[in-house]
Structure formats: structure tokens, C-alpha cells
Amino acid sequence: MTPIGKETTLEEIAAIVSQTLETAGIIATLSGGGAVTIYSMNDYMSFDLDFVTSERNSIIADAIAPLGFHQVIRTRQFEHPDSEYYLEFPPGPLSFGETVILEQDMHLIHTDYGTLRIVTPTQSIMDRIAAYVHWTDNQSFDQAIAIARKNKIDWEALNKWSTKETIDPAVIERLKTHVNRGLSQ
């Protein structure tokens, strides 16, 4: 088992935790700011790793305790004494707005530290756009731009999702404009 220390990166911790959970039979998918950090290649830095799962806290705690994580009392948050990164386990199912993401539609990244179950770059943008629209979170829109500039995005799926979620199509067009502007510089 790979030890976690002060120098362990967010992506390394995410892969170690994901592989540990998978080995314990727990399906948990990295989403939120941790996925943004990975897909923006650290243009945006998060310190929390949100693994969406329907598993109970006690089962999660048992699975990740050998890694050195301990649960913060009465929360779904886990901290490690040698890392600035912490884990959260929002309850499933994984969804962006009313759109539920199925297990077979999640992305697997194979790393030296294990396999990381993570939302796709397109799904990560859905997450950020949902936050932007529903909470007027401009930082989330900037994060969506950072993801789109560094990854292949399924624009058709993004447009279908935004229509289903009744998100103004101008939001996606604005995103495309920002991405294209940045790529042409």
C-alpha cells in the first residue's frame, strides 16, 4: 500500500483512495473540485476530493483507515494527518441537475498508484455549469473553461444535457467562445 505524505499530489491521493475503495467493493466516483484540478492540470487547485457514493460512512471508514484517513465526527469528511487534502463522500447517485450518471458512463484513469474512477471531462463541465447556473458561481464557469481548454469535450452531449436541464443554450455558446478564444491565442 502506497503511503500518503505531505508530497503526495491530489491526483496520486485520488488514485490511491479510488483503488482502495474499488478493492473493498465500494463504487465511488471522483467529482467536484478534485476532478477540476485533474482536468485543468492544476490551473484550479482544490483541497477536497469528492467521491460520490451510496456506501455507508462506516464501510468507507473501514476501507480507507489503513491509508491513514480518519473521519471528522458526524460528517462524511475524512482527513489525513500528513496531507492538506481531505476526502468527502457526498451521497449518490452521481448526478448533474436531474441527469443521473450511470456507473458504466464513468471514466477510469489508470495511474502508477491505481485506477481512478472519475467523471469524464464533459461531465465535470456539466457539474461546473450546473453550479454556475444554479448558484451564480462565476468561479465554476471559469473552471469549466479551464477543463474545456485542456480536454476533448463532447459538445453534442453537453448541448443535449443543457437542453434537458433547461439551461439557456447561450451559456454553452459562451463557454465555447471562451475556449476557442483561448486556443487561438
Side-chain angles (χ1 to χ4, degrees), residues 9-22 24 26-57 59-60 63-64 69 71-72 75-80 83-111 113-135 137 139-154 157-158 160-162 164-165 167 171-172 175:
T9 68
L10 179 141
E11 187 170 358
E12 292 166 348
I13 291 173
I16 292 166
V17 169
S18 184
Q19 184 65 59
T20 299
L21 294 170
E22 291 278 333
I26 299 169
I27 303 299
T29 305
L30 183 66
S31 188
V36 175
T37 297
I38 290 169
Y39 288 135
S40 73
M41 297 173 193
N42 301 325
D43 280 353
Y44 168 78
M45 283 303 300
S46 179
F47 292 93
D48 71 320
L49 291 94
D50 295 316
F51 283 95
V52 179
T53 183
S54 296
E55 191 56 77
R56 293 176 296 150
N57 280 349
I59 303 297
I60 294 166
I64 63 175
F69 284 96
Q71 186 174 4
V72 176
T75 69
R76 290 182 71 87
Q77 182 175 318
F78 293 78
E79 296 176 343
H80 193 286
S83 178
E84 61 189 339
Y85 300 109
Y86 60 95
L87 311 175
E88 291 185 316
F89 292 90
L94 179 61
S95 63
F96 306 115
E98 297 298 317
T99 303
V100 174
I101 306 301
L102 303 174
E103 182 180 331
Q104 64 266 25
D105 295 331
M106 296 168 197
H107 190 55
L108 298 176
I109 297 175
H110 302 286
T111 76
Y113 297 90
T115 300
L116 171 59
R117 181 180 295 275
I118 185 172
V119 295
T120 67
T122 302
Q123 292 164 347
S124 188
I125 288 176
M126 290 173 185
D127 179 43
R128 300 293 96 178
I129 294 296
Y132 169 70
V133 169
H134 298 296
W135 296 300
D137 182 359
Q139 183 182 18
S140 288
F141 190 81
D142 293 341
Q143 293 165 14
I145 294 168
I147 295 165
R149 284 185 175 160
K150 296 192 175 182
N151 297 275
K152 185 176 185 318
I153 303 304
D154 185 341
L158 194 58
K160 285 180 183 176
W161 168 80
S162 67
K164 181 179 176 187
E165 296 294 325
I167 292 172
V171 173
I172 304 303
L175 174 64

Which heavy atom of [X] sits nearest a heavy atom of [Y], and at what distance?
X	Y	result
Tyr39	Ile147	CB-CG2, 4.0 Å
Val52	Pro93	CG1-C, 4.2 Å
Glu103	Arg117	CG-NH1, 3.7 Å
Val119	Leu94	CG1-CD2, 3.6 Å
Lys152	Pro121	O-CB, 4.3 Å
Ala148	Ile125	CB-CD1, 3.7 Å

Flag, side chain of [X] to backbone of [Y], donor-acceptor distance under 3.5 Å:
X	Y	result
Glu12	Ile16	no
Ser40	Ala146	no
Gln123	Asp105	yes

Is it true that Lys150 and Asp43 have a side-chain N and a carboxylate O under 4.0 angstrom from each other? yes

Point-to-point distance, once rounded to the nearest 0.5 Å, from [atom1] of [X] to [atom2] of [Y]:
X	Y	atom1	atom2	answer
Leu108	Glu22	CG	CD	7.0 Å
His80	Leu87	NE2	CG	9.0 Å
Leu175	Arg149	CG	CZ	9.5 Å
Met45	Tyr85	CE	OH	3.5 Å
Ile172	Ile129	CD1	CD1	5.0 Å
Thr111	Gln19	OG1	CD	8.0 Å

Could you please spell out the steps behind the side-chain contact (heavy atoms from CB on, under 4.5 Å) verdict for Phe89 and Ile64? CA-CA 12 Å; Phe89 292 90; Ile64 63 175; 4.1 Å; yes

Taking atom types as modelled, find out whether [X] and [Y] have a side-chain donor-acceptor pair closer than 3.5 angstrom.
X	Y	result
Thr99	Glu165	yes
Gln77	Tyr86	no
Ser140	Asp137	yes

Given Asn57, Thr53, Asp50, the one that forms side chain to side chain donor-acceptor pair (under 3.5 Å) with Arg76: Asn57

Return the orientation label for the Tyr132 and Phe141 ring planes: parallel under 30°, perpendicular over 60°, tilted otherwise. tilted

So, do Phe69 and Thr20 sit near enough that their side-chain heavy atoms are less than 4.5 Å apart? no

How about Ser83 and Ile13: do any of their side-chain heavy atoms sit closer than 4.5 Å? yes

Would you say that more than 12 heavy atoms from the other residues, nucleotides or ligands in this model lie under 6.0 Å from the OH of Tyr113, or not? no

With a cut-off of 6.0 Å (strictly less than), are more than 12 heavy atoms of other residues, nucleotides or ligands near CD of Glu84? yes

Side-chain atoms of residues 26-38: list all donor-acceptor pairs with protein atoms under 3.5 Å, sequence neighbours left out, distances to 0.1 Å.
from: Thr37; atom 1: OG1; to: Gly33; atom 2: O; distance (Å): 3.1
from: Thr37; atom 1: OG1; to: Tyr44; atom 2: O; distance (Å): 3.0
from: Thr37; atom 1: OG1; to: Ser46; atom 2: N; distance (Å): 2.9

Phe78 and side-chain contact (heavy atoms from CB on, under 4.5 Å): which partner among Val17, Ile60, Val72, Leu49? Ile60

